[in-house]
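Take a look at the structure set out below.
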Amino acid sequence: MLAQNVTITADLSLEQPEVLVGLLLAHILADFYFQPYAWVQERNERHALALPLYLHTLLHGILAAGAMLLLTQNVNGWTLGVSAIVIAVSHFKIDVIKSYCAQSTKAFIADQFAHILILVAVFLYATNQWEVAIHLFKKLSVEHLAVILAYLAVLKPSSIIIKQLLSPWSSEVLATSPSPKHPNDPPTISTEAQQTLSLAGQRIGYLERTLMLTFVLLNQFSAIGFLIAAKSIFRFGDLTKHQDRKLTEYVLLGTFTSVALTMAVGLACGAVLGSIPVK
């Protein structure tokens, strides 16, 4: 093992974190910088029969082994070999599964999460720190859970609440202009507003509330004002072009509702933490 005698200290900190950082660096290099797009295309077409997939996983194993050799002094050959093989084989299997999935953000996040989970497990195995990791996990407090709950609350639950609160005015705004009489006619305000509110608007709302919650927990309320001002500037041209008062008021109502909900969640989370900013 890289560390044969790891003891659980009072602060329960993981030793040799540079090994984990090195493994993550090797993963990023192999997955994003040393993998040509042609390899990805062939993997998605031929799946487990794609030769580039084997080269790709071999590269992951080599870079991971190199990172462990460079960042540790007491390295055991058996541990090094097992770690490299586990990383390479698991990467191969995960990528084969991904090759059968549709190319989407969810698939990408799930793929990277699985890879990182394997790297963390290899790190704990190589440094013999499973017991420390378990004790750290058991030290999760109500403060940690409150922060996790707050970030989850400002995403989809808040999005649903905002949609319900704005529903009395949604139909009126979307019906501001008549639908195009011909498919080749330019899109009306109604069509554009509907597409924006249902697609990009939702993603913008997620990012907006995540940033605002972070600023609240860091006691950076001035940054929230900057964020709202920046959004208003970008929205100004679109609202001016349409010259639609109802749409303008609707957007302002949605923005302030989002801000109010996020501020409420952030302040409630800060109360649980005991003080703001988060210590």
Side-chain angles (χ1 to χ4, degrees), residues 102 104-114 116-117 137 140-176 189-239 242 244-279:
S104 64
T105 303
K106 291 182 180 179
F108 174 79
I109 293 176
D111 170 73
Q112 293 302 313
F113 179 78
I116 292 173
L117 195 63
F137 184 77
L140 282 175
S141 63
V142 64
E143 288 82 5
H144 298 107
L145 297 177
V147 172
I148 296 173
L149 177 61
Y151 276 101
L152 290 176
V154 300
L155 294 176
K156 200 158 188 177
S158 292
S159 180
I160 295 174
I161 293 173
I162 293 171
K163 183 178 180 181
Q164 293 296 327
L165 290 175
L166 298 182
S167 59
W169 301 277
S170 298
S171 57
E172 184 177 356
V173 171
L174 296 178
T176 300
I189 297 175
S190 176
T191 303
E192 290 180 339
Q194 185 176 6
Q195 291 174 345
T196 300
L197 292 174
S198 62
L199 299 176
Q202 185 184 64
R203 301 297 185 268
I204 293 173
Y206 287 168
L207 293 174
E208 176 186 289
R209 291 191 293 276
T210 299
L211 288 173
M212 283 193 292
L213 177 60
T214 302
F215 293 147
V216 171
L217 296 180
L218 294 177
N219 200 26
Q220 297 295 323
F221 292 94
S222 58
I224 298 177
F226 174 79
L227 180 65
I228 297 174
K231 179 182 178 181
S232 301
I233 291 172
F234 283 111
R235 269 291 194 178
F236 178 77
D238 185 48
L239 296 175
H242 287 311
D244 190 320
R245 181 176 177 179
K246 290 183 179 179
L247 180 60
T248 302
E249 293 175 345
Y250 184 81
V251 171
L252 288 174
L253 183 60
T255 297
F256 287 127
T257 304
S258 178
V259 172
L261 277 175
T262 307
M263 293 282 289
V265 172
L267 292 174
C269 182
V272 173
L273 295 175
S275 63
I276 297 176
V278 179
K279 292 184 178 180

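All figures in this text were calculated on a predicted structure; none of them were measured in a lab.
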message: Go through it in stages, so that I can follow the logic: the residues are V154 and L261, the test is side-chain contact (heavy atoms from CB on, under 4.5 Å), and I'd like the CA-CA distance, side-chain angles, deciding distance and then a yes or no.
response: CA-CA 8 Å; V154 300; L261 277 175; over 6 Å; no
message: So if I apply the side chain to side chain contact (heavy atoms under 4.5 Å, CB included) rule between M212 and each of L217, V259, L207, which one comes out positive?
response: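 That would be V259.
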- prompt: Is any side-chain heavy atom of P157 closer than 4.5 Å to a side-chain heavy atom of L152?
  reply: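 Counting from C-beta outward, P157 and L152 never come under 4.5 Å.
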message: For a 4.5 angstrom cut-off between non-hydrogen side-chain atoms, does I109 reach T105?
response: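 Yes, side chains in contact.
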Using every non-hydrogen atom in the two residues, find where [X] and [Y] come nearest and quote the distance to one decimal.
| X | Y | answer |
| --- | --- | --- |
| Q164 | S167 | O-OG, 2.6 Å |
| A153 | S158 | O-OG, 2.6 Å |
| A146 | V272 | CB-CG1, 3.7 Å |

Could you give the distance from [atom1] ([X]) to [atom2] ([Y]), rounded to the nearest 0.5 Å?
| X | Y | atom1 | atom2 | result |
| --- | --- | --- | --- | --- |
| I116 | D111 | CD1 | CG | 9.5 Å |
| L165 | S258 | CG | OG | 11.0 Å |
| I162 | Q202 | CD1 | CD | 10.5 Å |
| E208 | L213 | CD | CG | 12.5 Å |

Report yes or no: does [X] contribute a side-chain atom to a donor-acceptor pair with the main-chain N or O of [Y] at less than 3.5 Å?
| X | Y | value |
| --- | --- | --- |
| T257 | L253 | yes |
| T214 | T210 | yes |
| R209 | T262 | no |

